[in-house]
*Asks:* 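Supplied in structure tokens, the structure appears directly below.
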Amino acid sequence: MRIKLNKQQEEAVLHFGSPLLVLAGAGSGKTRVITQKIVYMVENLSIPINRILAITFTNKAAQEMKERVVKALGLEYQPQWITTFHSLSAKILRIEAENLEYSRDFVIYDEEDSKKAIKDVLKEMNLDSEVYKPEKIRNVISQIKQNLDESVLDFYAFTMPHLPEIFKKYNHHLALSNAMDFDDLLINVVKLFRENPEIKKSWQDRFDYVLVDEYQDTNLVQHEILKLIVGNRDCVTVVGDPQQCIYTWRGANPDNILEFEKDFPKTRIIKLERNYRSTEKILSVANSVISSAKGRWKEKVLRLWTEKKGDDDVYLISLETDKRESEFISKKISSLIKEGYQYGDFAVLIRMSYLSRNIEESMIKTGIPYQVVGGVKFYERAEIKDILAYIRFALQPKDTQAFKRIINLPPRGIGEKTIQKVQQYYETDWLQALEDAYQHLSKKAQLRVQEFLEIVEYIRKYGNEKPSETARYVVSALDYENYLENKYKDWEDRVANIHELFNALKEVEKSGKTFLEFLEESSLSQAQDSLENSNSVKIMTVHASKGLEFPVVFIAGLEDGLFPSGRAFEDIEQMEEERRLFYVAITRAKEKVFITYARKRATFSGRINETKPSRFLRDIKKKVKVLSDRKKERKKFPPTCLNSDIRAGQLVKHEKFGKGVVLSVSDNRATVIFETAGQKTIIKDFLKKI
DNA sequence: AGACCCTCACTGTAA
DNA sequence: GTGAGGGTCT
């Protein structure tokens with residue numbers, strides 16, 4: 001072993017012969033363990049690197065792991081199978097395309113495409129989009145797919161009776177477009193393996209060992225994929241931490257950690273509880289945020305400890321307004337820079353991405369270099385999607401959403417009516433439909449369609465080979481920069497983005513990748529992927545900070561309704577997740593933590609609201625230094641529970657669920673039967689006695 | 001029929 | 001800030 005490991009880490013690296021579950025706390029060196037285990041297998045067990053499958057949560061983590069492995073083993077090539085679940089699935093599906101109902105060049109619909117597809121379906125069915133809210137429907141559909149379970153539909157049978165049909169039509173729309181949404185990528189692998197045992201076998205045979213990181217944030221389908229790939233062998237290690245599960249809202253199922261033991265008999269469990277990242281003081285604040293685990297989770301929960309001393313207290317700072325909060329952060333950063341810190345040492349973590357605006361403004365004013373990680377991602381920008389949609393469509397003319405995006409872009413007089421006419425002639429794809437509909441169109445429309453087809457034809461000829469030239473051609477043929485200039489005030493930024501796209505495509509050319517591979521990568525790109533190594537302050541959501549660490553961390557906006565998010569008030573599980581999120585935020589820090597909140601905050605419409613400090617602050621107030629820009633700070637934080645006198649039998653009212661009666665209470669929660677909403681467990685605060 | 005401009009409402013974390 | 005909806009102009 002080249003790197004020194006502690007006893008538990010070493011055990012985890014050296015354990016073979018039965019499945020392994022590593023419960024690894026924040027900062028406990030789990031990446032090191034996974035990397036070392038890979039290196040050990042290659043060096044000491046003579047397993048070829050490409051027979052090891054390692055699945056991480058982000059592309060960024062995968063990339064880093066690859067680099068570490070390459071360095072440790074002195075490889076001259078990049079390991080192929082260090083990847084994420086979504087990329088792995090896309091790879092498998094392209095390789096096995098002939099066994100699917102898709103062709104190899106299937107496209108991946110991102111969230112926007114999916115939502116537009118749903119809107120198309122709703123329009124086609126003539127449904128009121130007030131009742132059938134596209135965003136809600138997309139969520140429900142995703143939930144169904146993530147759990148491989150349609151029973152959710154029953155839940156909405158009353159409010160949205162047409163949901164099952166929408167679901168069917170949406171999937172049909174995808175199939176016609178040769179498109180998969182994010183969930184389909186995973187589901188189709190499960191289907192493929194279940195329906196074709198010999199294919200499953202061939203994939204099992206490809207790998208001698210499988211490792212998965214961040215297991216607490218895998219969903220049911222991903223758990224299933226793991227089971228199918230491992231089969232009844234024991235060559236598997238998963239690493240996770242139930243306390244860091246922050247993605248249940250998009251289908252993560254922390255029970256996978258519990259299920260793991262059942263699905264893989266004789267599982268050995270190793271806990272990594274020694275933290276190497278944070279100081280004692282930071283850890284103790286973090287620990288006081290997490291509520292104690294109950295029931296079956298009891299023995300899965302970690303108690304972090306550290307020998308890392310540090311004089312710095314964790315600070316909690318109250319500021320008058322959100323503006324002041326941002327100013328405080330900038331000033332603090334500037335003064336710490338004078339003490340010898342680098343800009344790259346800082347992260348500002350926020351609960352919601354729109355909170356970055358104030359902070360950015362103040363950093364610009366102060367002249368602090370910063371980078372917003374995530375937010376609206378590069379490939380989700382309208383101008384980028386526009387150009388890529390042309391190429392997407394040219395290479396895959398079944399792609400309905402790409403077609404609808406570009407057919408009248410820039411406006412060329414092909415509107416709703418013309419598209420409808422063309423749709424009547426749709427049989428195999430939109431190019432064929434355009435040709436067949438051609439003679440039935442008006443002279444004007446014919447001319448415009450002609451122009452459109454010429455551009456597409458050109459891309460079809462050269463697109464896949466010379467991506468950057470093709471993109472340049474599209475931009476000039478459309479006079480797209482001019483279009484941006486006329487349409488947007490911030491056109492200069494957008495033009496700059498287009499040029500950045502050209503550069504990215506140049507790189508693609510250099511690396512010998514095809515355009516389709518590039519499209520796949522871009523649609524699966526993640527918030528963290530944009531993270532630069534530059535010496536700049538990083539501003540990001542707490543979610544995007546998963547797995548990262550920084551010497552100094554600011555956590556802003558600790559206000560009730562913001563952090564915890566207002567939506568979490570309805571539901572205890574969500575409130576617990578907010579807690580874990582706060583825990584994740586604190587444990588990103590190595591040396592210093594500044595937690596801030598504003599007593600007044602402007603809403604998006606400019607109104608200024610009085611805020612309440614986050615209820616989480618109550619749990620940490622004894623362990624932090626409280627400061628305020630007001631002389632006499634009321635050191636009062638919302639109690640974790642206000643209505644402590646609610647008892648069973650009490651009649652109560654809830655803002656959302658209406659009237660109900662309390663069945664039972666425990667701690668700060670009450671289980672209530674509501675007249676209409678049925679039985680729910682609610683935090684007592686959100687009940688009113690009646 | 002399509003373009004364009006205005007107003008209005010909404011905005012959670014995301015592969 | 002963005003999209004949807006409505007009204008009006010070409």
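Proteins come first, then strands; the chains are lettered A, B, ... in the order of their sequence lines, and each starts at number 1.
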*Asks:* Rounded to whole Å, how long is the line connecting atom CG of A:D184 with atom P of B:dA15?
*Replies:* 17 Å

*Asks:* Going by atom types alone, do A:S353 and A:S356 pair a side-chain donor with an acceptor below 3.5 Å?
*Replies:*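 Side chains of A:S353 and A:S356: no pair found under 3.5 Å.
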
*Asks:* Can you give the first and last nucleotides of DNA chain C, 5' to 3', that have an atom under 4.0 Å from a heavy atom of chain A?
*Replies:* C:dG1 to C:dA4

*Asks:* At a heavy-atom distance below 4.0 Å, what parts of residues 239-253 of chain A sit against DNA chain B?
*Replies:* A:Y247, A:W249, A:R250

*Asks:* Taking the six-membered ring of A:W81, is the NZ or CZ of A:K66 close enough (under 6.0 Å from the centre) and on axis enough (within 45°)?
*Replies:*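 No, A:K66 does not lie over the aromatic ring of A:W81.
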
*Asks:* Mind checking if A:E380 touches a base, just sugar-phosphate, or nothing, with heavy atoms under 4.0 Å?
*Replies:*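 No contact at all - A:E380 keeps every heavy atom at 4.0 Å or more from the nucleic acid.
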
*Asks:* Using atom NZ of A:K133 as one end and atom P of B:dA9 as the other, report the distance to the nearest whole Å.
*Replies:* 14 Å

*Asks:* Quick one: which residue pairs count as a side chain to side chain donor-acceptor pair (under 3.5 Å) with a foot in residues 402-419 of chain A, not counting sequence neighbours?
*Replies:*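 As it turns out, the side chain to side chain donor-acceptor pair (under 3.5 Å) pairs with a partner in residues 402-419 of chain A, which skip direct neighbours, are A:E112-A:R405, A:D120-A:K404, A:D386-A:R405, A:Y390-A:R412.
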
*Asks:* Between A:H86 and A:E520, does any side-chain donor sit less than 3.5 Å from a side-chain acceptor?
*Replies:*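 No, because no side-chain N or O of A:H86 sits under 3.5 Å from a partner of the opposite role on A:E520.
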
*Asks:* How close do A:L562 and A:R351 get, counting heavy atoms only, and between which atoms?
*Replies:*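 Smallest heavy-atom distance, with atoms named: O-CG, 3.0 Å.
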
*Asks:* Roughly, in whole Å, what's the span from CZ in A:R351 to P in B:dG12?
*Replies:* 10 Å

*Asks:* How are the rings of A:Y483 and A:Y480 set relative to one another: parallel (under 30°), tilted (30 to 60°) or perpendicular (over 60°)?
*Replies:*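 Plane angle between 30° and 60°, so tilted.
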
*Asks:* Please tell me if A:S353 has a side-chain N or O lying less than 4.0 Å from either OP1 or OP2 of B:dT13.
*Replies:*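 Yes, because at least one side-chain N or O of A:S353 sits under 4.0 Å from OP1 or OP2 of B:dT13.
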
*Asks:* Strictly below 4.0 Å, N to O, side chains only: are A:R494 and A:E383 in salt-bridge contact?
*Replies:* yes

*Asks:* For the pair A:W203 and A:F193, name the ring-plane relationship: parallel under 30°, tilted 30 to 60°, perpendicular over 60°.
*Replies:* tilted

*Asks:* Relative to each other, are the rings of A:Y425 and A:H440 parallel, tilted or perpendicular (30° and 60° limits)?
*Replies:*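 Parallel: the ring planes of A:Y425 and A:H440 meet at under 30°.
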
*Asks:* Which part of the nucleic acid does A:K546 contact within heavy-atom distance under 4.0 Å: base, sugar-phosphate only, or nothing?
*Replies:*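 The answer is nothing, as A:K546 stays clear of every strand by at least 4.0 Å.
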
*Asks:* Does a salt bridge link A:D105 with A:R94, judged by any charged N lying under 4.0 Å from a carboxylate O?
*Replies:* no

*Asks:* In terms of side-chain heavy atoms of A:E111, which of B:dT13, B:dG12, B:dA15 is nearest?
*Replies:* B:dA15

*Asks:* Hunt down any stem DNA chain C takes part in, defined as 3 or more consecutive Watson-Crick or G-U pairs whose two distances are each under 3.5 Å.
*Replies:* B:1-9 with C:2-10

*Asks:* Quick one: label A:R580 by what it contacts on the DNA or RNA (base, sugar-phosphate, nothing), any heavy atom closer than 4.0 Å.
*Replies:*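 Contact class for A:R580: none.
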
*Asks:* Are A:F57 and A:Y247 close enough, and set up right, to give a ring pair (Phe, Tyr, Trp, His ring centres under 6.0 Å), and what steps lead you there?
*Replies:* CA-CA 11 Å; A:F57 192 73; A:Y247 277 102; 5.2 Å; yes

*Asks:* My understanding is that only residues two or more places apart in sequence, or in another chain, count here; which of them pass side-chain hydrogen bond (donor to acceptor under 3.5 Å, both in side chains) with A:S523?
*Replies:*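 Per chain and number, A:S523 pairs via side-chain hydrogen bond (donor to acceptor under 3.5 Å, both in side chains) with no residue.
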
*Asks:* Output yes when at least one side-chain N/O atom of A:T541 is less than 4.0 Å from OP1 or OP2 of B:dA14, else no.
*Replies:* yes

*Asks:* Quick one: A:K115 NZ to B:dC10 P, roughly how many Å, whole number?
*Replies:*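 Going from A:K115 (NZ) to B:dC10 (P), I get 15 Å.
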
*Asks:* Enter the distance from A:L447:CG to A:L441:CG here, rounded to the nearest 0.5 Å.
*Replies:*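 Going from CG on A:L447 over to CG on A:L441, the span is 11.5 Å.
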
*Asks:* Separation of A:N59 atom CG from B:dA15 atom C1', in whole Å?
*Replies:* 9 Å

*Asks:* Pairs under 3.5 angstrom, nitrogen or oxygen only, protein versus nucleotides 2-5 of chain B, please.
*Replies:*
from	atom 1	to	atom 2	distance (Å)
B:dG2	OP1	A:G415	N	3.1
B:dG2	OP1	A:T418	N	3.4
B:dG2	OP1	A:T418	OG1	2.2
B:dG2	OP2	A:K417	N	2.9
B:dA3	OP1	A:N408	ND2	3.4
B:dA3	OP1	A:G413	N	2.8
B:dA3	OP2	A:N408	ND2	3.1

*Asks:* Using a 4.0 Å heavy-atom cut-off, does A:E578 contact any base of the nucleic acid, only the sugar-phosphate backbone, or nothing at all?
*Replies:*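 The residue A:E578 makes base contact.
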
*Asks:* May I have the distance from A:N139 (atom CG) to B:dA14 (atom P), rounded to whole angstrom?
*Replies:*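 Rounded to the whole Å, the gap is 14 Å.
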
*Asks:* What about A:F346 and A:F550, are their ring centers closer than 6.0 Å?
*Replies:*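 No; A:F550 has its ring centre 6.0 Å or more from that of A:F346.
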
*Asks:* Whole Å only: how far is the CG atom of A:L88 from the P atom of B:dA15?
*Replies:*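 Going from A:L88 (CG) to B:dA15 (P), I get 17 Å.
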
*Asks:* Check whether the side chains of A:E325 and A:T596 place a donor and an acceptor atom closer than 3.5 Å, and report yes or no.
*Replies:*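 Yes, because at least one side-chain N or O of A:E325 sits under 3.5 Å from a partner of the opposite role on A:T596.
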
*Asks:* What is the distance, to the nearest angstrom, from the CZ atom on A:R448 to the C1' atom on B:dA1?
*Replies:*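 After rounding, the gap between these two atoms is 12 Å.
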
